[in-house]
Amino acid sequence: MAYDPLRISRSKRSDINVSFEFFPPNSPQMESVLWEAIHRLAPLSPNFVSVTYGAGGSTRERTHTTVSRIVKETPLKPAAHLTCVAASKADVDEVARAYWEAGVRHIVALRGDPKEGIGTQFTPHPDGYQNSTDLIAGLRRIADFEITVSAYPEKHPESPTLDQDIDVLKAKIDAGATRAITQFFFENDLYLRYLDRVRAAGITIPILPGIVPVQNFKQTASFAKKTGASVPQWLADRFEGLEDDVATRRLIAASVAAEQVLDLVDHGITDFHFYTMNRADLVYAICHLLGLRPQVNATA
Ligand code: FAD
């Protein structure tokens, strides 16, 4: 069979960049699971690793502890997620200052979901930041943080239109954001068309595709529904009948994510953000397919 020059994913690449997202552990057992994942993925030299901030600031201490430990014990560059839900400006500023003092230079700045859950009306704290744009401006006043924000290829569920959503992204950039990570998606066309519209709107910052390896289809599909990310029928079909077959599910999850990521490479995408769910194996395998190899001096 003739070699297809359009499959650039099949040539050895040295221009692929990855970043990994973790969530803060809530038990000693989950803590060892997280650190096992960090130790396994660190030698792949990610550009940065990020640690989420629980809904309504519920993991404030745990996020701080995890990020600080990454700074102290690894060569990785951590980014701390931070939201402004249910907190005064003074509280949020205090968290941000503590990050700066701990050596954290990168914040993923988000509005966050209302305390009552995704889909309910967001009401800012009376003394709080009004939205993510306002939060970014506040962070810029505190210190010279690198600021990453969210982006929504299928628009944020509360945004009336995709154009308005892109206007909000623009406002976040004007306030100081220099990178965006997308909500996860499964149809690459959605992301590629979004990228076209974002670029046509004059936005030039990197928009990293957020890739979620589907560890548990039912869970992912229910989360996707809440966040406004569509789940195509073909994806449901691929996991059909595997509810009690963890081993096969994992193989399917790896192949689905590999297919998605390699197709994006073939469309010229070089930077990827992985929602790891604190599990390394699938993400490690996909990074290997992308051509990444462990660097000896980068172990955590
Ligand atoms: P925004 O971009 O702020 O948009 C939210 C809504 O506000 C949109 O509908 C927008 O149109 C509207 N809006 C109107 N005017 C403005 C304006 N002037 N400025 C800004 N927005 C305006 N949640 C957590 O609780 N913790 C996390 O760690 C976390 N990490 C995330 C990481 C990524 C990569 C993504 C994509 C999401 C993450 N979330 C997290 C979820 C996020 O908090 C929710 O989706 C939340 O509902 C919106 O916050 P945002 O900053 O993503 O949205």
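Note that ligands are numbered from 1 as they come in the structure, with each ligand's atoms numbered from 1 the same way. In what follows, residues are counted from 1 in the order of the sequence shown. Worth knowing before you read on, the calculation uses all heavy atoms, side chains too, and leaves out hydrogens, waters and symmetry mates.
T161 pairs by the side chain to side chain contact (heavy atoms under 4.5 Å, CB included) definition with D163, Q164, not counting sequence neighbours.
With hydrogens left out, the protein atom closest to atom 34 (C) of ligand 1 is Y275 OH, 3.3 Å, a heavy atom. Nearest non-hydrogen protein atom to atom 42 (C) of ligand 1 is Y152 OH, 3.7 Å. Remark: minimum distance from atom 35 (C) of ligand 1 to any protein heavy atom is reached at S150 CB, 3.8 Å. The nearest protein atom to atom 12 (C) of ligand 1, hydrogens excluded, is given as V168 CG2, 4.5 Å; this is a heavy-atom distance. Nearest non-hydrogen protein atom to atom 10 (C) of ligand 1 is S159 OG, 3.5 Å. For atom 3 (O) of ligand 1, the closest non-hydrogen atom on the protein side is S132 OG, 2.4 Å. With respect to atom 47 (O) of ligand 1, the closest heavy atom belonging to the protein is D113 OD1, 2.6 Å. Here the heavy atom of the protein found nearest to atom 7 (O) of ligand 1 is R111 NH1, 3.7 Å.
Atoms OG1 and CD1, on T276 and I211 in that order, are 13.5 Å from each other to the nearest 0.5 Å. The CZ atom of R62 sits 11.5 Å away from the CG atom of L34 when rounded to the nearest 0.5 Å.
Although no hydrogens or angles enter the test, the distance criterion places no donor-acceptor pair under 3.5 Å between the side chain of R250 and the main chain of Q215. Proximity of a side-chain donor or acceptor of K172 to a complementary backbone N or O of S150 within less than 3.5 Å is detected. Between the side chain of T63 and the main chain of R60, no donor-acceptor pair closer than 3.5 Å is present.
Taking 4.0 Å as the cut-off between side-chain N and carboxylate O, R238 and E259 count as a salt-bridged pair.
Of all the listed residues (I181, T133, L110), L110 holds the heavy atom that lies closest to atom 39 (N) of ligand 1. When the heavy-atom distances from atom 17 (C) of ligand 1 to D134, N131, T227 are ranked, the shortest goes to N131. Summarising the contacts of atom 14 (C) of ligand 1 with Q164, K226, E158, the nearest heavy atom is found in Q164.
Heavy-atom distances between G112 and ligand 1 reach below 4.0 Å in at least one pair.
With a heavy-atom cut-off of 4.0 Å, K172 touches ligand 1 through its side chain alone. At a heavy-atom distance under 4.0 Å, no atom of F184 approaches ligand 1. By the criterion of a heavy-atom distance under 4.0 Å, the side chain of T83, and not its backbone, is placed next to ligand 1. At a heavy-atom cutoff of 4.0 Å, ligand 1 is contacted by the side chain of H156 but not by its backbone. By the criterion of a heavy-atom distance under 4.0 Å, neither the backbone nor the side chain of F122 is placed next to ligand 1. With a heavy-atom cut-off of 4.0 Å, T52 touches ligand 1 through backbone and side chain alike.
Taking distance alone, with nitrogen or oxygen atoms compared against 3.5 Å, D165 stays at or beyond that limit from ligand 1. Of the N or O atoms in H81, one or more lie within a sub-3.5 Å distance of an N or O in ligand 1. Annotation: Q183 places no N or O atom under 3.5 Å from an N or O atom of ligand 1; distance criterion only. Polar contact check, V108 against ligand 1: no nitrogen or oxygen pair lies under 3.5 Å apart. Annotation: Y53 places an N or O atom under 3.5 Å from an N or O atom of ligand 1; distance criterion only.
Between the side chains of D266 and S9, at least one donor N or O lies within less than 3.5 Å of an accepting N or O. Side-chain contact, S88 with H125: no donor N or O sits under 3.5 Å from an acceptor N or O. Using modelled atom types and a 3.5 Å distance limit, the side chains of H106 and T148 yield a donor-acceptor pair.
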Can you give the donor-acceptor pairs under 3.5 Å from side chains of residues 277-286 to other protein atoms, not counting sequence neighbours?
residue: N278; atom: OD1; partner: F23; partner atom: N; Å: 2.9
residue: N278; atom: ND2; partner: F23; partner atom: O; Å: 2.9

Show your reasoning for whether side-chain hydrogen bond (donor to acceptor under 3.5 Å, both in side chains) applies to S19 and H273.
-> CA-CA 5 Å; S19 50; H273 183 79; 2.8 Å; yes

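A heavy-atom distance below 4.5 Å is not found between the side chains of Y99 and R105. Residues P124 and Y129 have side chains not in contact (no heavy-atom distance under 4.5 Å, counting atoms from C-beta outward).
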